[in-house]
Amino acid sequence: MTIKVIIVDDQAMVRAGFAALLAAQPDIDVVGDAPDGVKGVELSRTVHPDVVLMDVRMPEMDGLEAARRLLDPPPGVVHRPKVLMLTTFDVDDYVYEALRAGASGFLLKDAPPADLISAVRVVAAGEALLAPSVTRRLIADFAQQRPAPRKDRSLRLKGLTPRETEVLELIARGLSNQEIAGSLVLAEQTVKTHIGRVLAKLGLRDRAQAVIFAYESGLVKPGAA
């Protein structure tokens with residue numbers, strides 16, 4: 001199946017470079033691009049892409065607001081693409097809010113070409129893209145500025161088994177499935193099973209929302225080892 005992609009970025013060279021790279025892949029079809037959030041939302045609702053590569057900082061409408069509009073559309077709009085945020089470290093807080101809005105993850109704009117191609121495929125398949133090495137810094141850094149743990153989140157944790165709670169905590173600390181398996185002395189497939197149960201019990205869509213839930217529930221404290 002061909003993955004339909006649009007690129008929303010205010011830099012023409014970035015759009016052209018990403019488009020050329022992705023269009024060269026046999027399973028990816030770049031169906032359009034836009035220079036700002038307003039045009040990006042309009043384009044998405046016209047061509048119905050599977051994945052939107054969305055820059056964070058843009059004129060007219062930034063990527064955060066555009067992501068919100070795509071992922072929480074008005075009545076009558078059925079299409080909801082996967083949104084992959086394009087970012088740099090200096091906009092961490094925006095990325096956090098984008099993940100809360102339902103974005104499937106983020107990719108650093110200076111990532112290697114192979115990472116961009118892989119990211120599009122991962123997100124199109126319904127997975128969240130949260131690189132463990134980046135997650136450790138990204139979430140912990142500005143989660144310190146978040147409000148006190150939300151009681152509704154804390155109560156929902158009680159539905160997890162002790163092992164599922166352990167797995168959720170390690171996800172939030174930025175460990176990959178392989179690292180979680182090593183830490184808990186489990187098979188990697190068993191870890192994947194636990195993660196699936198955690199998501200189902202908590203009503204979460206993917207790993208990105210699991211990280212955020214763990215911090216908002218108070219399971220993981222920012223800056224803790």
Q25 side chain to L22 main-chain N or O, any donor-acceptor pair under 3.5 Å?
no

Please tell me if the side chains of L170 and S183 come closer than 4.5 Å, counting only heavy atoms from C-beta onward.
yes

Interatomic spacing from CD1 in I180 to CD in E169 - rounded to 0.5 Å:
10.5 Å

Going by side-chain contact (heavy atoms from CB on, under 4.5 Å), name the residues that satisfy it together with S118, two or more places apart in sequence or in a different chain.
V122

Looking at Q178, I'd like to know if its CD atom is crowded, meaning that more than 12 non-hydrogen atoms belonging to other residues, nucleotides or ligands lie closer than 6.0 Å.
no

Is it true that R57 and D62 have a side-chain N and a carboxylate O under 4.0 angstrom from each other?
no

Please check this pair: side chain of T165 against backbone of T161, looking for a donor-acceptor N/O pair closer than 3.5 Å.
yes

Any side-chain heavy-atom pair from S104 and M85 closer than 4.5 angstrom?
no

Please determine whether a side-chain nitrogen of the Lys or Arg among K39 and E42 lies less than 4.0 Å from a carboxylate oxygen of the Asp or Glu.
no

Quick one: closest heavy-atom pair of A210 and L199, and the distance?
CB-CD2, 4.0 Å

State whether the side chain of H79 and the backbone N or O of P49 hold a donor-acceptor pair below 3.5 Å, judged by distance alone.
yes

Do you know which two heavy atoms are closest between V8 and G40, and how far apart they sit?
CG2-CA, 3.8 Å

Could you go through the side-chain contact (heavy atoms from CB on, under 4.5 Å) check for R197 and V167 one step at a time?
CA-CA 10 Å; R197 288 173 179 165; V167 169; over 6 Å; no

L71 and A103 have their tightest heavy-atom pair at CD1-N, 3.4 Å

According to the salt bridge (charged side-chain N to carboxylate O under 4.0 Å, His left out) rule, which pairs have a member within residues 67-78, sequence neighbours left out?
E65-R68, E65-R69

Apply side-chain contact (heavy atoms from CB on, under 4.5 Å) to the pair H194 and L184, showing each step before the final yes or no.
CA-CA 12 Å; H194 283 310; L184 299 180; over 6 Å; no

Result of checking V191, N177, I195 against I171 for side-chain contact (heavy atoms from CB on, under 4.5 Å):
I195

Can you check whether I3 reaches D29 side chain to side chain, under 4.5 Å on heavy atoms?
no

As an exercise, state the distance from CZ of R121 to CG of D27, rounded to the nearest 0.5 Å.
4.0 Å

Going through the checks in order, is the side-chain contact (heavy atoms from CB on, under 4.5 Å) test met by Q11 and K109?
CA-CA 12 Å; Q11 297 182 51; K109 294 182 80 170; 3.7 Å; yes

Is there a path from M61 to V77 through hydrophobic residues (I, L, V, M, F, W, Y) whose side chains come within less than 4.5 Å of each other?
no

Calculate, to the nearest 0.5 Å, the distance between atoms CZ and CG belonging to R156 and L219 respectively.
13.0 Å

Distance in Å, F18 CZ paired with L107 CG, rounded so as to fall on 0.5 Å steps
7.0 Å

Where is the tightest heavy-atom contact between M58 and M54, given as atom of each residue plus distance?
CE-SD, 3.8 Å

To the nearest 0.5 Å, atom CD1 of I28 lies from atom NZ of K4 at 14.0 Å

Taking it one step at a time, do F213 and L157 satisfy side-chain contact (heavy atoms from CB on, under 4.5 Å)?
CA-CA 10 Å; F213 183 96; L157 282 175; 3.7 Å; yes

Tell me, do V56 and L86 make a side-chain contact under 4.5 Å, heavy atoms counted?
no

Any side-chain heavy-atom pair of I6 and V30 under 4.5 Å:
no

Got L202 and L160 here, is their nearest side-chain heavy-atom distance under 4.5 Å?
yes

If you define the side chain from C-beta out and look only at heavy atoms, does anything of L53 sit under 4.5 Å from L116?
yes

Of all the heavy-atom pairs spanning A214 and A172, show the shortest one and how long it is.
CB-CB, 3.4 Å

Give the minimum heavy-atom separation between A19 and I7, together with the two atoms involved.
N-CD1, 3.4 Å

All pairs passing salt bridge (charged side-chain N to carboxylate O under 4.0 Å, His left out) where residues 10-19 contributes a residue, at least two apart:
R15-D33

Euclidean distance, K158 NZ relative to K201 NZ, rounded to 0.5 Å:
15.0 Å

Between K82 and V52, is any pair of side-chain heavy atoms under 4.5 Å apart?
no

